[in-house]
Amino acid sequence: MELPIFYAPPNNITDLEIILPAEESRHATGVLRLKKGAMVLVVNGLGEGYRGEIRTVGTAGVKVRIHSRIRNFGEPAVRLTLAAGMSAGSKFDTMVEKGTELGVKRFVPVITEKSKVKMEDARRAGSRVARLERVALAALKQCRRSYRPDIALPLSFMDYLKEYDSEALNLIFTPGRNARPLEELKLDKTLKRINLLVGPEAGFSPEELEVALKTGYQPVSLGERILRAETAGPVVCALIMFLMGELR
Ligand code: SAH
C-alpha cells in the first residue's frame, strides 16, 4: 500500500525529525487515524521527500522520525513554467490544479489586452494567490510530488515578456496558420527549462503576438479546434511532458 503523504515546510524539518503542521497533524490523526509506529511520507515543498515513522501524536503536533531522504521526489527533470491569461472565477484554479499534477514548477497569471480581469483588480489579488497556493498544495499531495509550485503575482503581458529566458524553450500557443503545429516541434529531451504561454479566453492581440515573437517566443498551434483557456493550459503541459519523456 502507498504510504500516506504529508506536507511540512523546511522549518519543521531537522536532520532527524519532522513536526507536521497543525492541519496536517489533524489530518493524520483525526481523518486517517494513524498511530505511533505508522510509516508516512513527508514532502518539504522544495523537491525533497522523507520516509519516516510517527513517534508522537500529542497536542504539539505529529512528530515523525526520519528514516530516509529522497531527493527530487516525484519531480520532472525539466523546469516547466505555465504563464496563462488570468481569468475571473475559478478557471485559473483548475489550471493550477491540473498543471501541478502534470509537473509544472511555476504558474504566472498574466493580464493581457483582452483579459476580462484588469490589472487594478489583479493587484488586489493577494488572496487569490493564497487560494491558488492551497490548490497547488492539495494537488501536490494528491499526485505525490514534492515541489510546491510557485504562484507568481499577476503580471501584465509585457512585464512577463521582460522575464524572457533565452536559454529556455519559449512557446506561445495560438491557433491559426501562422503558428507551427506542436507535432513539428523537435524537442531536445535534455532541455532544462520550458516556458509556455497560453492566452485568455479571447486570445492574444496581434500586437502581443508580434512582440512575443520578436522577443523570441515560437508560435505553436494545437490544430483547428479552439480549446478553452482552462483546457489549453493543462493540455499543453501534458503534451510537452509527454514529448520530454516525463509521462512514462
Ligand atoms: N479566439 C481566440 C481563442 C482563444 S482560446 C484566438 O483566436 O486566439 C484561449 C487560448 O488557448 C489561446 O490564446 C491559446 O493560447 C490557447 N489555444 C486554444 N486553442 C488553441 C489551438 N487550437 N492552438 C493553439 N493554441 C490554442
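Both ligands and their constituent atoms are indexed starting at 1 by order of listing.
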What residue pairs, at least two apart or across chains, pass ring pair (Phe, Tyr, Trp, His ring centres under 6.0 Å) with a residue in residues 27-69?
none

Can you pull every nitrogen or oxygen pair between ligand 1 and the protein closer than 3.5 angstrom?
residue, atom, partner, partner atom, Å
ligand 1, 13 (O), G199, N, 3.3
ligand 1, 15 (O), F173, O, 2.6
ligand 1, 15 (O), G199, N, 2.9
ligand 1, 19 (N), L227, N, 2.9
ligand 1, 22 (N), G223, O, 2.9
ligand 1, 22 (N), R225, O, 2.9
ligand 1, 23 (N), L222, N, 2.8
ligand 1, 25 (N), T174, N, 3.4

Y217 pairs by ring-ring contact (aromatic ring centres under 6.0 Å, His included) with which of F157, Y164, F204?
Y164

What pairs with K98 under side chain to side chain donor-acceptor pair (under 3.5 Å), at least two apart in sequence or on another chain?
none

Qualifying salt bridge (Lys or Arg N to Asp or Glu O under 4.0 Å) pairs, either residue in residues 56-69, two or more places apart
E48-R69

Please confirm whether R148 makes a cation-pi placement over Y7, using NZ or CZ under 6.0 Å from the six-membered ring centre and within 45° of the ring normal.
yes

First locate atom CD of E113, then atom OG of S205, and finally report the distance between them rounded to the nearest 0.5 Å.
3.5 Å

